[in-house]
Peer 1: 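My questions will all concern the structure given below.
All values derive from a computational prediction rather than experimental measurement. Letters go in sequence order (proteins before strands), and every chain restarts at 1.
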Protein chains: 2
Amino acid sequence: MNTTSIKKIIMDKGIQPSHHRIKIYEYLLNHHTHPTVDMIYKEISKEIPTLSRTTVYNTLSIFLEKGLISSITIDENEVRYDYNTTPHAHFKCIKCGNIYDIPLDTKLFKKKTIKGHKIIEQHIYFKGICKNCLKKMQS
Amino acid sequence: MNTTSIKKIIMDKGIQPSHHRIKIYEYLLNHHTHPTVDMIYKEISKEIPTLSRTTVYNTLSIFLEKGLISSITIDENEVRYDYNTTPHAHFKCIKCGNIYDIPLDTKLFKKKTIKGHKIIEQHIYFKGICKNCLKKMQS
DNA sequence: ATCATTGCAAACACTTTGCATACGC
DNA sequence: GCGTATGCAAAGTGTTTGCAATGAT
């Protein structure tokens, strides 16, 4: 996707498309690895050496607030970010650390309430050993 | 449940039933509120003023490791603990902060693999507005 | 006496905040 | 020139670690 299209998506959410913001969103679009703040910071720093972690935090907060991206918490300690805002599940491998998208079409996602409570968000994730690591362990 | 039974449950998991450990497990058994370390610490401190947070952390780590309790991460920042180790979902109210157990009998819980990945743990949680808070908002 | 448990204080890691600077229109 | 975005440094918060002191058998 080119910079012009990215800029448009950002602006459509009512966010000023500054250079840094474009770069950060572009990174999320091109790396579906559910990166942490630090991963994003380290990578974009290579291009923009003056970038600060604060800007990454600020930018991701704005993106979240405006619904441009979503966040997931599988690791207890750090938040991960996802360009994908549609409901889906995640699988985290305890061996390699990779996080995979799991496009579940469970009826759960369609529920509006549960046990009388009104659902606003729902999160489903798995932890285990991924396909690739299983293969490595067998050989 | 009396102290003798609690002591037995702890010992059955291969854990020395020290006074502090018994108190902490007892607290979890009697408060199904999915408390944080701090909630447990503050409450038991009333009875045992010399208790330190480190001991609460240590104890909960041992309990987790031995499979006596489970932990959940709904709040991004802090871990919550659950006496219940059987698979079930949780609902967190964004108004009152309460966390409710949701005894789902979804087929998800029965799966051993998903998309070729081997499942070891699975977590399902919801965020929204609970029954009680909905009622309050209407009146 | 010995070994495990406990507790303090410092260190850590992630995140937020306050405020001054710099940038873009 | 003005207003927002950025960046630094410090503070905040939950958790872990190192090590000494305490406690139980």
Peer 1: Regarding Gln16(A), tell me which of base, sugar-phosphate or nothing describes its non-hydrogen contacts under 4.0 Å with the strands shown.
Peer 2: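 Since only primed, P, OP1 and OP2 atoms lie under 4.0 Å of Gln16(A), the category is sugar-phosphate.
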Peer 1: So what does Ser18(B) hit on the nucleic acid, given a heavy-atom distance under 4.0 Å: a base, only sugar-phosphate, or nothing?
Peer 2: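 Counting heavy atoms under 4.0 Å across all strands, the contact made by Ser18(B) is with sugar-phosphate only.
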Peer 1: Check every strand shown and say whether Arg21(B) touches a base, only sugar-phosphate, or nothing at a heavy-atom separation below 4.0 Å.
Peer 2: sugar-phosphate
Peer 1: Could you check whether His90(B) and Asp82(B), counting side-chain N and O atoms only, form a donor-acceptor pair closer than 3.5 Å?
Peer 2: yes
Peer 1: Testing the basics here: between Val37(A) and Tyr81(A), what is the closest heavy-atom pair and its distance to 0.1 Å?
Peer 2: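 Closest pair (atom of Val37(A), atom of Tyr81(A), distance): CG2-CE1, 3.7 Å.
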Peer 1: So what does Thr50(A) hit on the nucleic acid, given a heavy-atom distance under 4.0 Å: a base, only sugar-phosphate, or nothing?
Peer 2: sugar-phosphate
Peer 1: Among Thr59(A), Ile15(A), Leu68(A), exactly one meets side chain to side chain contact (heavy atoms under 4.5 Å, CB included) together with Tyr25(A). Which residue is that?
Peer 2: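 Checked Thr59(A), Ile15(A), Leu68(A) against Tyr25(A); only one passes side chain to side chain contact (heavy atoms under 4.5 Å, CB included): Leu68(A).
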Peer 1: When you check the side-chain N and O atoms of His34(A) and Asn98(A), is any donor under 3.5 Å from an acceptor?
Peer 2: no
Peer 1: Listed by chain and number, what are the side-chain contact (heavy atoms from CB on, under 4.5 Å) partners of Met11(B), not counting sequence neighbours?
Peer 2: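 Result, side-chain contact (heavy atoms from CB on, under 4.5 Å) vs Met11(B): Lys7(B), Pro17(B).
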Peer 1: As a quick check of understanding, evaluate salt bridge (charged side-chain N to carboxylate O under 4.0 Å, His left out) for Glu76(B) and Lys127(B), giving each step before the final call.
Peer 2: CA-CA 12 Å; Glu76(B) 302 73 32; Lys127(B) 284 186 189 177; 3.1 Å; yes
Peer 1: For DNA chain D, which nucleotides open and close the run of contacts to chain A, 5' to 3', at under 4.0 angstrom from a non-hydrogen atom?
Peer 2: dA5(D) to dA9(D)
Peer 1: Do Asn2(A) and Ser5(A) have a side chain donor and acceptor closer than 3.5 Å?
Peer 2: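 Yes, Ser5(A) and Asn2(A) have a side-chain donor paired with an acceptor closer than 3.5 Å.
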Peer 1: Give a yes-or-no answer on whether the side chains of Thr36(B) and Asp38(B) include a donor-acceptor pair shorter than 3.5 Å.
Peer 2: no
Peer 1: Mind checking which nucleotides bracket the chain B contacts on DNA chain C, 5' to 3', with an atom under 4.0 Å from a heavy atom?
Peer 2: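 Listing 5' to 3', DNA chain C meets chain B from dT5(C) to dA9(C).
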